[in-house]
2 protein chains.
Amino acid sequence: MARVRLIDVAELAGVSMKTVSNVVHDYPHVAPALRQKVQSAIDELGYRPNLTARRLATGRTGMIALAMPEMDHPYFSELSRYIAEEATRRGYRVLIEQTLSDPVAERAVIGDREAGLVDGVIFHPVQMGTLDIAKLAPGTPLVLLGEAAMPVMTDHVMIDNVAAALEGTQHLLDSGRRRIAFLAVTDGDITGSTTQRLLGYQQALIEAGLPVSPDLVLTARKFSAEAGGDAITEALAAGLEFDGVVCRDDKFAIGALKALQAAGKSVPGDVAVVGWDDTFVGRYTSPTLTSVAPDKMAIASEALSLLEDRIDGYQGVGRHRIVGHSLAVRGSTPAS
Amino acid sequence: MARVRLIDVAELAGVSMKTVSNVVHDYPHVAPALRQKVQSAIDELGYRPNLTARRLATGRTGMIALAMPEMDHPYFSELSRYIAEEATRRGYRVLIEQTLSDPVAERAVIGDREAGLVDGVIFHPVQMGTLDIAKLAPGTPLVLLGEAAMPVMTDHVMIDNVAAALEGTQHLLDSGRRRIAFLAVTDGDITGSTTQRLLGYQQALIEAGLPVSPDLVLTARKFSAEAGGDAITEALAAGLEFDGVVCRDDKFAIGALKALQAAGKSVPGDVAVVGWDDTFVGRYTSPTLTSVAPDKMAIASEALSLLEDRIDGYQGVGRHRIVGHSLAVRGSTPAS
DNA sequence: CTTCCGGTTTACAGCGCTGTACATTGTCCG
DNA sequence: CGGACAATGTACAGCGCTGTAAACCGGAAG
């Protein structure tokens with residue numbers, strides 16, 4: 001079962017290696033008869049081109065890296081799916097790179113000690129600032145995902161967080177809610193996401209002529225459903241009154257749902273809840289979860305198309321694509 | 001920003017390419033002074049080895065492919081995470097290959113037209129039989145995941161489905177349930193999983209001296225939460241009585257939970273529910289979901305270690321590893 | 001009949017790295 | 001002081017493929 005090489009095929013067919021290569025690549029100027037003969041030789045030997053060698057010769061790997069915090073976070077796994085599909089469509093393979101939000105791992109993703117592995121990188125940073133990123137990756141084609149503030153030299157895809165938060169909050173206002181909490185800011189949260197979402201939330205309140213009360217902006221220990229639930233429980237225990245919650249994250253929303261029910265509050269009767277990311281889980285909580293829904297498919301296709309430009313040699317300044325979002329209205333908010 | 005090559009470093013340091021290579025690889029027999037000099041040259045030029053070239057020279061790619069039906073199915077995304085972590089630990093990178101349960105895509109995974117891309121493949125087949133697989137991949141190091149019936153030539157990792165189903169059913173029996181349904185068999189389900197789980201379910205009933213009633217084995221249209229829920233709703237409408245449900249899948253269980261509640265049944269009061277796979281979602285349903293919990297981390301590490309053997313040249317017949325499982329008891333079943 | 005031309009095909013030099021075989025140097029004994 | 005041996009270092013041939021430049025060939029044009 002020794003590997004069959006191009007030259008083996010060439011010898012069997014009695015032609016040069018290059019001709020075989022041309023047949024493999026469907027190069028048009030090959031005489032039909034020869035093409036036929038070469039093809040049979042290929043079939044007979046079961047020849048399969050060695051991609052590594054091809055890569056070394058062409059300098060292209062046909063692979064992109066997808067670097068995300070966690071494969072099994074619903075938002076990222078859903079996004080990965082679309083990116084994998086879009087990449088396949090465009091003829092790329094996807095290498096996964098799980099950073100687990102670790103700064104060292106994030107740095108490794110782009111400042112990798114090795115090179116020539118992938119043609120480009122799609123990266124959802126958590127810890128790294130855009131400046132670090134730009135410094136480490138001056139050459140690599142790169143597209144950033146998420147809410148990192150406008151990088152200067154790097155392409156970037158996101159949704160309009162302010163507008164989305166505004167709409168989510170508005171949805172609660174429309175159904176008559178007046179005391180709406182925001183869940184939550186987190187210590188050490190250096191992502192811009194929270195800030196922007198909080199901004200949209202405040203803007204909606206202001207537009208409705210309502211006061212923006214700092215009490216209503218809750219704080220959570222960390223990013224998890226439990227921590228979100230605890231924040232709600234504590235707020236309730238402290239006597240805070242609210243009839244709606246806008247969450248920066250479905251995980252927080254799920255925690256909130258549980259905590260509210262545990263405290264005897266009905267959802268959405270007493271308190272309505274809006275989540276964020278429209279993940280799979282929200283369809284199976286009870287009640288089901290109303291959630292801001294980024295257009296994940298659009299994120300995937302925009303990211304790939306920006307990346308492909310860069311791979312093809314585009315050198316301009318960072319481009320920023322805002323893709324669409326909507327509000328998936330479900331059981332955790334009353335029909336407005 | 002031209003690429004820096006090994007030879008550039010060698011020239012700057014005034015040594016041979018191979019010595020630079022030795023320094024890069026921490027080969028022990030290099031004189032400290034020389035090592036130092038080479039290292040500075042590396043740093044000065046910012047040299048980064050070209051992996052593609054290395055691969056061509058060594059014949060090893062340091063990558064494995066992970067082929068799964070869907071990246072965003074909770075079970076698979078959780079498993080992917082562990083596999084990605086384990087692979088990183090062992091120095092491999094992971095290429096994802098999403099089959100979407102499509103027979104053509106599955107075939108492509110192993111019978112790929114190209115070669116030399118990865119050192120090995122971890123594959124969770126859905127459509128392909130083990131015979132097809134063996135035929136297509138006579139040379140590639142390969143490890144199968146899931147319940148494909150004992151492949152002869154291929155390594156394989158799974159949990160003991162019969163035992164796990166038995167335990168899940170027993171758990172319901174222990175709490176006094178006597179009419180336990182199985183959710184569900186599906187038309188065109190050619191996976192062995194359902195069969196084995198059904199077997200364990202029946203065995204538990206027999207051991208408890210209970211009749212095995214075909215009525216209690218429900219049928220679902222397809223694999224989805226909705227279809228699972230519908231099956232329950234229909235059974236209820238047809239007047240079927242049951243006080244427990246063992247589900248072959250968390251998705252079915254989630255659908256069942258919703259359908260039972262919609263029909264006014266309390267869970268676990270009237271009907272207790274056991275799911276399968278212990279996915280993330282089950283922690284956030286209400287009630288939370290008791291579920292058979294395969295040891296996913298063990299699956300990942302066993303799979304990698306079998307695969308590594310094969311990559312290292314092991315040629316024996318297929319080995320079969322049964323890894324552990326447990327029952328994650330939560331709110332959908334009464335404490336027994 | 002020769003020339004020219006475009007479509008075909010070939011030979012061969014890399015792509016950047018590593019493994020092998022061999023050369024060199026230094027050290028330790030007898 | 002010479003020889004044996006280990007420790008270091010080098011030269012160079014590939015790994016399998018593709019790009020380039022050049023050769024080839026049959027027919028249309030002159």
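All values derive from a computational prediction rather than experimental measurement. Numbered from 1 within each chain, the chains take letters A, B, ... in sequence-line order.
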Original post:
Whole Å only: how far is the CZ atom of B:Arg5 from the P atom of C:dT18?
Top reply: 14 Å
Original post:
Any side-chain N or O of B:Thr52 under 4.0 Å from OP1/OP2 of C:dC17?
Top reply: no
Original post:
Does B:Tyr27 have a side-chain nitrogen or oxygen under 4.0 Å from the phosphate oxygens OP1 or OP2 of D:dA7?
Top reply: no
Subject >> Any A:Ser16 side-chain nitrogen or oxygen under 4.0 Å from OP1 or OP2 of C:dA11 >> reply: no
Subject >> Interatomic distance where CZ belongs to A:Arg54 and C1' belongs to C:dG16 [whole Å] >> reply: 19 Å
**OP:** Find the distance between CG (B:Leu51) and CG (A:Leu117) and round it off to the nearest 0.5 Å.
**Re:** 5.0 Å
Original post:
C:dG7 C1' sits how many Å from A:Leu34 CG, rounded?
Top reply: 13 Å
**OP:** Ignoring the backbone of A:Asn22, work out which of C:dC17, D:dC17, C:dT10 is nearest its side chain.
**Re:** C:dT10
**OP:** Decide whether B:Ser16 and B:Thr19 meet the rule of one side-chain donor and one side-chain acceptor closer than 3.5 Å.
**Re:** yes
Original post:
Separation of B:Leu6 atom CG from C:dG16 atom C1', in whole Å?
Top reply: 8 Å
Subject >> Check: B:Gly316 main-chain N/O paired with B:Arg310 side-chain donor or acceptor under 3.5 Å >> reply: yes
Original post:
How would you label the contact of A:Leu51 with the nucleic acid (heavy atoms, under 4.0 Å): base, sugar-phosphate, or nothing?
Top reply: nothing
**OP:** Could you check how far CZ of B:Arg60 sits from P of D:dG16, rounded to whole Å?
**Re:** 16 Å
**OP:** Side chain of B:Val30 only, please: which of D:dG9, C:dG16, C:dC17 is the nearest?
**Re:** D:dG9
**OP:** Can you tell me the distance, in whole Å, between the CG atom of A:Asp8 and the C1' atom of D:dC17?
**Re:** 13 Å
Subject >> Closest listed nucleotide, where the reference is the side chain of B:Ala57 and the choices are D:dT18, C:dT9, D:dG14 >> reply: D:dG14
Subject >> Residue met sooner reading DNA chain D from 5', once B:Lys18 and B:Ala53 are mapped to nucleotides >> reply: B:Lys18
**OP:** Select base, sugar-phosphate, or nothing to describe what B:Thr19 touches, counting heavy atoms under 4.0 Å on all strands.
**Re:** base
Original post:
Expressed in angstrom and rounded to an integer, what is the separation of A:Glu11 atom CD from C:dT9 atom P?
Top reply: 19 Å
Subject >> Interatomic distance, A:His25 NE2 vs C:dT9 C1' [rounded to whole Å] >> reply: 16 Å
**OP:** Using the six-membered ring of B:Tyr314, assess whether NZ or CZ of B:Arg319 lies under 6.0 Å from its centre and within 45 degrees of the ring axis.
**Re:** yes
**OP:** Output the single nucleotide from C:dC15, D:dT18, C:dC17 whose closest atom is nearest the side chain of A:Thr58.
**Re:** D:dT18
Original post:
Between A:Val143, A:Thr140, A:Thr154, A:Ile133, which is the residue that forms a side chain to side chain contact (heavy atoms under 4.5 Å, CB included) with A:Phe123?
Top reply: A:Ile133
Original post:
Is the phosphate of D:dA7, meaning OP1 or OP2, less than 4.0 Å from a side-chain N or O of B:His29?
Top reply: no
